[in-house]
Amino acid sequence: MEGGDKMTTPFPLNPTCHPCSLLGLLALIVAGTGSYTPEPDQQRTLPPGWASLGRVDPEEELSLTFALRQQNLERLSELVQAVSDPDSPRYGKYLTLEDVAELVRPSPLTLRTVQKWLLAAGVRNCHSVTTQDFLTCWMSVRQAELLLSGSEFHRYVGGPAKTYVVRSPHPYRLPKALAPHVDFVGGLHRFPPTSSLRQRPEPQVAGAIGLHLGVTPSVIRKRYNLTAQDVGSGTTNNSQACAQFLEQYFHDSDLAQFMRLFGGNFAHQASVARVVGQQGRGRAGIEASLDVEYLMSAGANISTWVYSNPGRHETQEPFLQWLVLLSNESALPPVHTVSYGDDEDSLSSAYMQRVNTEFMKAATRGLTLLFASGDSGAGCWSASGRHQFRPSFPASSPYVTTVGGTSFQNPFQVTNEIVDYISGGGFSNVFPRPSYQEEAVAQFLSSSPHLPPSSYFNASGRAYPDVAALSDGYWVVSNHVPIPWVSGTSASTPVFGGILSLINEHRLLSGHPPLGFLNPRLYQQHGAGLFDVNHGCHESCLDEEVQGQGFCSGPGWDPVTGWGTPNFPALLKTLINP
Ligand SMILES: *[C@@H]1O[C@H](CO)[C@@H](O)[C@H](O)[C@H]1NC(C)=O
Ligand SMILES: *[C@@H]1O[C@H](CO)[C@@H](O)[C@H](O)[C@H]1NC(C)=O
Ligand SMILES: *[C@@H]1O[C@H](CO)[C@@H](O)[C@H](O)[C@H]1NC(C)=O
Ligand SMILES: *[C@@H]1O[C@H](CO)[C@@H](O)[C@H](O)[C@H]1NC(C)=O
Ligand SMILES: *[C@@H]1O[C@H](CO)[C@@H](O)[C@H](O)[C@H]1NC(C)=O
C-alpha cells in the first residue's frame with residue numbers, strides 16, 4: 001500500500017498573497033466581466049443505478065483536480081510519432097517523466113494565475129505532480145461552491161459496489177480570466193466509468209465430451225501458442241499493471257486458489273507485487289479478480305502491479321486520479337491494461353482532449369496503454385431523432401491500443417476464433433483518423449461488403465479496435481468461488497496485455513527498449529503475427545435499417561476485431577527486433 005503521507009506536502013508557492021484573499025478573488029471574478037463554462041457539453045444526468053442522497057453539508061471536505069493548460073503540445077505529438085515509428089531515428093528513445101515535465105509544464109503565468117485565484121479563495125491544501133499540469137486541492141464544500149460558481153454538491157450512491165460519490169448536478173463556471181489557464185476541473189460531474197464485463201448464459205452442450213468447458217489459462221496459453229518456457233525470466237526489471245476504478249478489489253487468496261485450480265502447467269507469481277492506491281477490506285469484484293488472474297496467466301511470472309481505486313476520497317474521479325498518478329511517478333510498468341470506458345457523447349470535449357494529451361505523454365515515455373473496446377458492439381443511441389452507433393472513450397483515443405473480443409467457432413474446442421458479437425468497435429466522433437491507420441481503414445471502407453449506412457457512423461474518425469483476443473466464457477475465482485462464463489472485452493484486454501509483457505521480456509533480455517505505443521508499428525506491419533479473424537459481425541441498433549448488425553470482420557483490419565488475435569511465436573518474431 002502507498003503511504004498516506006504523500007498528500008500532506010504543502011502547496012508549493014509563495015504565500016505572499018494570503019492577505020489579499022477575498023479581494024483578490026473578487027478582482028479575478030470581476031476582471032474580464034464574468035465567467036465561462038469550461039465543459040458545456042459534459043453530460044450531467046444521473047447514470048442508471050445511481051441515486052441521490054441530497055445536498056452535502058457545506059463544512060464537509062472534498063477534493064477537486066484542476067487540469068492546467070499545458071505547453072508545447074505540437075512538439076509532444078511530434079515526439080510521440082518519433083519514438084513510436086520504427087522508421088524514425090528516435091524510435092524507442094523514450095522520454096523520462098522529467099523530460100516530459102520540461103516540455104508540457106504550464107507557463108509561469110498559468111501557474112501564478114491559478115495559484116492566486118485558489119489562495120484568494122482560501123484554498124491552501126493543494127498537491128501538484130512532477131509535470132505541474134494537475135493540481136489536486138482539498139477544500140470545504142462551501143469554498144468549492146464559491147470557487148466554482150453554479151456548482152452545488154450532492155451525495156450519490158450506486159455502482160456495483162454501492163460506492164458513494166459527491167457530484168454537482170449543475171454546471172460550474174470559472175472567471176473568464178482563467179480561460180487561457182484551466183482546461184477543466186475534475187470531481188464535479190463524471191461518475192466512475194463502467195466496466196466492460198458481461199455475464200452470459202452457459203452455451204448449450206452439443207453432446208461434446210472431453211473438450212474444454214470455458215476459457216482457463218491453459219486454454220488461453222494453448223490457443224495463443226504459449227509454451228511452458230514463455231514466462232517472465234525473473235532477471236529483468238519487467239512489470240505490468242492493471243487499473244481498477246469501481247472500488248473493485250482483488251484478493252491474493254483468490255489468485256492463489258485460481259492458480260491452484262488452473263495454473264498447474266506454467267510458472268507464475270503467487271501474488272501481486274505492488275498495490276498502488278487503496279485496497280479496501282470489502283469483497284472482491286469479478287472485474288478486478290478477472291484482470292489480475294488473466295494478466296498474470298498470460299504475462300506469467302511477470303511482476304504485476306494493481307492500481308486499486310486510485311481516488312482517495314469519494315469526491316474524486318478515480319480515472320482522473322489514475323492519470324494524475326502516472327504523471328507523478330517516474331518508474332512505471334511498461335504495460336497497463338484498463339477495462340473501463342464511457343460513451344463518448346457523455347463526456348465533455350475539454351475532458352476527452354485533455355485525457356488524450358495524457359495518453360500522448362504516456363506514449364512518449366514508452367508506456368503501452370491497452371483499453372477494452374467495450375461490450376455493446378457498435379453501440380446505439382438516438383441523436384437528433386435518428387439512430388446512430390455509439391463510440392466509447394478511451395477506446396476511441398488514437399494514442400491507446402484498443403482490444404476487441406472473439407469467441408471460439410466451436411465453443412468447446414480450442415480452434416479458430418470468430419467475432420464475439422458484443423466486441424466494441426467503430427469510429428470516433430471526436431478524434432480524427434490518425435495517419436498510422438489511414439491505409440488500413442480506407443481499405444476496409446472500400447472493400448467491406450456489409451458496410452452499415454453512412455449515417456450511422458463517422459467514417460472520418462479514429463477507428464477501433466486495433467487488436468483482439470478471446471472474450472467469451474472465462475473462469476474466474478472471486479471470493480473463493482470459481483465463477484464460469486464471465487465475458488467481455490474486460491477479459492481480452494489483460495490477456496493481450498500479458499502477451500505484450502512477454503514480448504517486452506524478450507526485448508529487455510536483448511537490450512532493447514519496451515514496445516511503447518504499439519499502433520504505428522502494428523499498422524505498419526499490417527498486423528503481422530496476429531490471427532486474422534474474418535468471420536462474424538458485432539451487434540448494434542435494433543431497428544429496421546440495420547436490424548441489430550454493426551460492422552463485420554473481414555480479411556485484414558476491421559472495426560470489430562482490429563488486426564486479430566495474438567499468435568505468440570509469430571508476434572514475438574515480428575516485434576523482437578529494435
Ligand atoms: C506527487 O508526489 C509528490 C512526491 O511524492 C507528493 O508530494 C505529491 O503530493 C504528489 N501529488 C499528488 C497530486 O498526489
Ligand atoms: C520465475 O521468476 C522467478 C523470479 O521471480 C525466477 O526465479 C524463476 O526462474 C522464473 N521461472 C522461470 C521458469 O523462468
Ligand atoms: C525497477 O527496479 C527498481 C529497483 O529494483 C524498482 O525500484 C523499480 O520500481 C522497478 N521499476 C519497475 C517499473 O518495476
Ligand atoms: C466526425 O468526426 C470528426 C473528427 O474526425 C469531428 O470533427 C466531427 O465533428 C464528427 N462529426 C459528427 C457529426 O460528430
Ligand atoms: C497457433 O499455432 C497453430 C499451429 O501453427 C495455428 O493453427 C494457430 O492458428 C495458432 N494460433 C493463433 C492464435 O494464431
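Read the numbers this way: they start at 1 and go in the same order the structure lists the ligands and their atoms. Count residues from 1 along the sequence.
- Atom numbering of ligand 2 starts at 1 in the shown order; those under 4.0 Å from a heavy atom of Gln269 are 5 (O).
- Side-chain N/O atoms of Gln71 and Ser107 include no donor and acceptor closer than 3.5 Å.
- Using cut-offs of 30° and 60° for the angle between ring planes, the Trp117 and Phe66 rings count as perpendicular.
- Within ligand 2, counting atoms from 1 as listed, the ones closer than 4.0 Å to a heavy atom of Val231 are 12 (C), 13 (C), 14 (O).
- Nearest-residue assignment for atom 8 (C) of ligand 2 (options Thr235, Asn301, Ile302, Asp230; heavy-atom criterion): Asn301.
- Of all non-hydrogen atoms in Ser339 and Pro494, the two that sit nearest each other are OG-CD, 4.1 Å.
- One distance of note links CG of Leu73 with CG of Leu103; it measures 8.0 Å at 0.5 Å rounding.
- Against a heavy-atom cut-off of under 4.0 Å, Ser128 is close to the following atoms of ligand 1: 1 (C), 8 (C), 10 (C), 11 (N), 12 (C), 13 (C).
- Taking any N or O of Tyr224, backbone or side chain, none lies under 3.5 Å from an N or O belonging to ligand 5.
- Figure legend: cation-pi geometry between Arg221 and Phe266, with NZ or CZ positioned under 6.0 Å from the six-membered ring centre and within 45° of its axis.
- Of the candidates Ser233, Ala228, Gly234, it is Ser233 that places a heavy atom closest to atom 9 (O) of ligand 2.
- A heavy-atom separation below 4.0 Å is not found between Pro569 and ligand 5.
- For atom 13 (C) of ligand 5, the nearest protein heavy atom lies closer than 4.0 Å.
- Less than 4.0 angstrom separates some heavy atom of Pro566 from each of these atoms of ligand 5: 13 (C).
- Of all heavy-atom pairs between Val335 and Gly497, the closest is CG1-O, 3.7 Å.
- Using a 4.0 Å cut-off between charged nitrogen and carboxylate oxygen, Arg190 and Glu39 count as a salt-bridge pair.
- A side-chain contact (heavy atoms from CB on, under 4.5 Å) with Val292 is found for exactly one of Phe258, Tyr249, Phe250, namely Phe250.
- If you check which protein heavy atom lies closest to atom 4 (C) of ligand 5, you get Asn225 ND2, 4.7 Å.
- Residue Gln229 places every heavy atom at 4.0 Å or more from ligand 2.
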